[in-house]
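Residue numbers begin at 1 in each chain, while the letters A, B, ... track the order of the sequences.
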Amino acid sequence: MQGLKRTHYCGDVEGIGNEVVVGGYVQKVRDLGNLIFIDLRDRTGIVQLAFDDSTDREIFSKASGCHAEYVLMAKGVVRERESKNDTIKTGHIEIDVKDLRILAKAQTPPFEIVDDTNVNEELRLKYRYLDLRRNVLQQNLIMRSKIAKVARDYYYENGFIEIETPMMIKSTPEGARDYLVPSRVHHGKFYALPQSPQMYKQLLMISGFDRYIQLARCFRDEDLRADRQPEFTQIDLEMSFVDVEDILEMNEGFIKRLFKEILNVDIPTPLPRLTYKEAMERYGSDKPDTRFGMEIQDISDLVQNSGFGVFSSAVDAGGSVRAIVAKNAATVLTRKEIDKLTEYVRGIGAKGLAFIRWVEDEPSCGFAKFLADGELDAILSRLNAEKGDVVLFVADKNKVTLPVLGALRLKVAKQLDIIPEGYNFLWITEFPFFEYDEDSDSWIAMHHPFTMPMDDCIEYLDSDPGKVTAKAYDLVLNGTELSSGSIRITDYELQQKMFRALGLTDEEIEAKFGFLVEAYKYGAAPHGGMGIGLDRLAMLMCGTDSLRDVTAFPKVQNASELMSGAPNVVDGEQLNELSISIIPDKKEN
RNA sequence: GGCCCGGUAGUUCAGUUGGUUAGAACGCCAGCCUGUCACGCUGGAGGUCGUGAGUUCGAGCCUCAUCCGGGUCGCCA
């Protein structure tokens, strides 16, 4: 730094008459001839450097040679500006520069480093280190860092111990696809990267650590989404001597503290709760956005004998007819728009979409001609539909009507722009333990196989698996699943029973989970925990809708990283050492 | 893997029915400029129209393939 030592960050410069030293990047040079202004930027903000006829000639000519993104240190005296700028924090002062060092010149960047950019994200990701110079992203990552700090503060204060668990672990093929790491030492064998530290944290409970936390990197080799990266971070925790209530309460405390400390938002606790069943019936989703109404309503009983065959046959077949009412939507949801919605619901599994559009005095309803006298009125009155509303119906098996209307509800709400701002947390509880898989004609674990069933349904394990619910809970914020957890099975016998109910043979149980089953033979306190998605939490707290905005070096949809070019082809020698050969891509043959 | 959208100066975009030399703004370069902060003024450079085939007298525009990016469904115990 050629003898200069920074005294202030740019955004913090103050005190007229103070001698200060600042360092940063050139945001903008405004060269007026015999008067030059340079906006100098660091992560705290911008300060104006001023050079005029009182400036040393050598320094003045250095200043006139500066361009965007040059790295400078400047020493000077803080003075009041002749003309002020109210739009920035340091807009009333400037630095009368007495000494200037150009620490690094810079090529013209491929895009301007400004907050409000609409540059193609692909280019930004290729030059991510430049993109990250932008204030918005810096603030997002700073926010993420603060969240991590509050998490450590809170859980440490509550007696949690941070313990690292291995990144190279045994692969178990349940759940998401594993990322694999070949072993050099063990010919033909592989480690897996953890999808979560699940089994290890349970073992730590068995060891008696009682309360564990880790900011754990997790890996899942599945296709990406805006809110899904293949590697992500969980605030992962586990507690002993607890039941569901204790865990929810502990984590509500964290949420409350986090939002107060960082956003100064009061989150009322206890957080609202919905059972899985209720969430599905009212919102068609296990992660409902409850910031707005438009709840799903069941009219099956009204139409089971209807002349409209689409409705009656759905009910006959054991399904249902359900509807959502979009209030005052008739002008936005034109015939054409409803056609688009029909197209949409067909794409997600519905056979069609029946609707009533109530624009004129009388509701317009394509299927009214099939209905008996008074039937339409009964439906409208049940649904509390009024003039100006649009009612959308789906008739099918419950497995279709509920999720389809759930998705439609969200889509329509976005279209109508009726979703209010705010942070609407809720817990979803009592998840079904099993999910029937039609492909394999078997029951599979909806959560993971270590989840404890609710006390009163253990008896149905063999007789009626569909009836068994689990001590599992999700934390949902504004329609995004933020966290998932459960109470674990700590009884060796019960665990065996669960594995068998899932169709595992004793040999498979031994091969996959033998060490865990064995461990529980030595005694474990009742325990459970959860993992909070740090990335998603940061995303929502930053008010963005993409994890890429809160991840320093994110991957794109095909799981590659555009800046470094990962993944890449490796040296044949590296493969030889690992005894791996590459099968040519089918497409290249 | 399916479906949808996009790819034209460094960047963001426009580009007529397929028709002469592909435009604008910002950025960049040079000159001028003492209170700018979207500085101003004058001048200038800058294009394999993602890539490859095809149709055509002629393709940025039409067709096919392909690559890249985004969204979405599948997938994510």
Side-chain angles (χ1 to χ4, degrees), chain A residues 27-40 46-55 60 64 67-69 79-88 90-92 94 96 107-114 116-127 130 172-178 195-196 198 218-230 232 340 343-349 403-404 407 411 431-435 437 439 443-451 470 472 481 484 486 498 502 504 512 533 545-546 548 555-558 560 562 565 586-588:
Chain A
Q27 179 68 39
K28 188 86 185 171
V29 180
R30 286 180 297 278
D31 185 345
L32 279 64
N34 285 318
L35 182 63
I36 301 171
F37 299 106
I38 293 179
D39 285 343
L40 196 67
I46 281 175
V47 69
Q48 176 166 285
L49 308 180
F51 306 83
D52 56 26
D53 54 6
S54 72
T55 306
F60 191 91
S64 75
H67 298 273
E69 302 308 314
R79 72 181 177 203
E80 193 173 357
R81 289 197 195 185
E82 278 187 32
S83 49
K84 307 197 172 22
N85 181 351
D86 288 327
T87 59
I88 62 169
T90 61
H92 288 237
E94 64 189 6
D96 176 17
Q107 261 180 223
T108 303
F111 52 88
E112 282 182 84
I113 313 301
V114 291
D116 193 15
T117 185
N118 62 340
V119 173
N120 184 323
E121 196 171 16
E122 187 178 351
L123 188 74
R124 288 170 39 206
L125 288 171
K126 184 174 174 195
Y127 297 94
L130 296 178
T172 53
E174 280 75 21
R177 201 175 289 116
D178 280 331
Q195 293 177 29
S196 82
Q198 188 58 42
C218 305
F219 305 85
R220 294 179 188 175
D221 187 3
E222 298 293 346
D223 286 346
L224 282 72
R225 288 286 186 283
D227 65 352
R228 230 160 66 194
Q229 283 276 314
F232 58 99
K340 281 190 205 159
E343 197 71 17
Y344 171 72
V345 297
R346 286 208 173 111
I348 54 175
V404 164
K411 195 178 174 69
F431 276 77
F433 197 98
F434 298 98
E435 194 174 24
D437 180 39
D439 294 341
W443 293 95
I444 55 175
M446 196 163 170
H447 202 61
H448 57 63
F450 321 120
T451 304
E481 179 193 318
S484 191
S486 65
M498 297 308 301
L502 290 164
L504 274 76
K512 287 175 181 171
D545 55 10
S546 171
R548 295 189 293 270
K555 292 181 173 53
V556 298
Q557 200 159 320
N558 64 14
S560 62
L562 297 180
K586 291 179 202 100
K587 278 186 284 186
E588 288 166 18

Any donor-acceptor N/O pair under 3.5 Å between [N] base and [X] side chain:
{"X": "A/Arg81", "N": "B/C37", "result": "yes"}
{"X": "A/Arg225", "N": "B/G74", "result": "yes"}
{"X": "A/Arg228", "N": "B/C76", "result": "yes"}
{"X": "A/Glu222", "N": "B/G74", "result": "no"}
{"X": "A/Gln48", "N": "B/U36", "result": "yes"}

Legend entry - Set of residues satisfying side chain to side chain donor-acceptor pair (under 3.5 Å) with respect to A/Lys126, sequence neighbours excluded: none

Legend entry - With A/Arg81 via side chain to side chain donor-acceptor pair (under 3.5 Å) - residues at least two apart: none

With both distances under 3.5 angstrom, what nucleotide forms a Watson-Crick or G-U wobble pair with [N]?
{"N": "B/C26", "answer": "B/G10"}
{"N": "B/A65", "answer": "B/U51"}
{"N": "B/U17", "answer": "none"}
{"N": "B/C37", "answer": "none"}
{"N": "B/C3", "answer": "B/G71"}

Legend entry - Residue whose closest nucleotide on RNA chain B lies nearer the 5' end, A/Phe450 versus A/Asp52: A/Asp52

Can you check whether [X] has a side-chain N or O nearer than 4.0 Å to OP1 or OP2 of [N]?
{"X": "A/Ser560", "N": "B/G69", "answer": "yes"}
{"X": "A/Thr108", "N": "B/C28", "answer": "no"}
{"X": "A/His67", "N": "B/G27", "answer": "no"}

Could you check how far [atom1] of [X] sits from [atom2] of [N], rounded to whole Å?
{"X": "A/Asp221", "N": "B/C75", "atom1": "CG", "atom2": "C1'", "answer": "11 Å"}
{"X": "A/Ile36", "N": "B/C37", "atom1": "CD1", "atom2": "P", "answer": "16 Å"}
{"X": "A/Ile88", "N": "B/C37", "atom1": "CD1", "atom2": "P", "answer": "13 Å"}
{"X": "A/Glu112", "N": "B/A25", "atom1": "CD", "atom2": "C1'", "answer": "12 Å"}
{"X": "A/His448", "N": "B/C76", "atom1": "NE2", "atom2": "P", "answer": "16 Å"}
{"X": "A/Gln557", "N": "B/U72", "atom1": "CD", "atom2": "P", "answer": "8 Å"}
{"X": "A/Lys340", "N": "B/C5", "atom1": "NZ", "atom2": "P", "answer": "13 Å"}
{"X": "A/Asp178", "N": "B/C76", "atom1": "CG", "atom2": "P", "answer": "13 Å"}

Inset, instruction - Kindly confirm whether the side-chain ring of A/Phe111 is stacked on the base of B/U11, judged by centres under 5.5 Å and planes under 30°. - result: no

Inset, instruction - Identify, with sequence neighbours excluded, every residue that meets salt bridge (charged side-chain N to carboxylate O under 4.0 Å, His left out) alongside A/Glu121. - result: A/Arg548

Legend entry - Lys/Arg N to Asp/Glu carboxylate O, A/Arg79 vs A/Asp52, below 4.0 Å: yes

Legend entry - Shortest non-hydrogen separation from A/Leu502 to A/Phe434 and the atoms involved: CD2-CE2, 3.4 Å

Inset, instruction - Check whether any side-chain heavy atom of A/Met498 lies under 4.5 Å from a side-chain heavy atom of A/Phe450, and answer yes or no. - result: no

Who pairs with [X] by side chain to side chain contact (heavy atoms under 4.5 Å, CB included), at least two apart in sequence or on another chain?
{"X": "A/Asp39", "value": "A/Gln27, A/Lys28, A/Arg30, A/Ile46, A/Gln48"}
{"X": "A/His92", "value": "A/Lys84, A/Asp86"}
{"X": "A/Gln557", "value": "none"}
{"X": "A/Ala176", "value": "A/Gln195, A/Arg220, A/Glu222"}

How far does the [atom1] atom of [N] sit from the matching atom of [M], given to the nearest Å?
{"N": "B/A25", "M": "B/G44", "atom1": "P", "result": "13 Å"}
{"N": "B/G50", "M": "B/U8", "atom1": "C1'", "result": "10 Å"}
{"N": "B/C61", "M": "B/U56", "atom1": "P", "result": "16 Å"}
{"N": "B/A24", "M": "B/G70", "atom1": "P", "result": "32 Å"}

Every protein N/O within reach of nucleotides 38-41 of chain B N/O, cut-off under 3.5 Å:
{"residue": "B/C39", "atom": "OP1", "partner": "A/Lys28", "partner atom": "NZ", "Å": "2.7"}
{"residue": "B/C39", "atom": "N4", "partner": "A/Asp31", "partner atom": "O", "Å": "2.5"}

Using nucleotides 12-15 of chain B, report all nitrogen or oxygen pairs with the protein that are shorter than 3.5 Å.
{"residue": "B/U12", "atom": "OP1", "partner": "A/Asn120", "partner atom": "N", "Å": "2.7"}
{"residue": "B/U12", "atom": "O2'", "partner": "A/Asn118", "partner atom": "ND2", "Å": "3.3"}

Inset, instruction - Report which part of the nucleic acid A/Ser486 touches: base, sugar-phosphate, or nothing (heavy-atom distance under 4.0 Å, all strands). - result: nothing

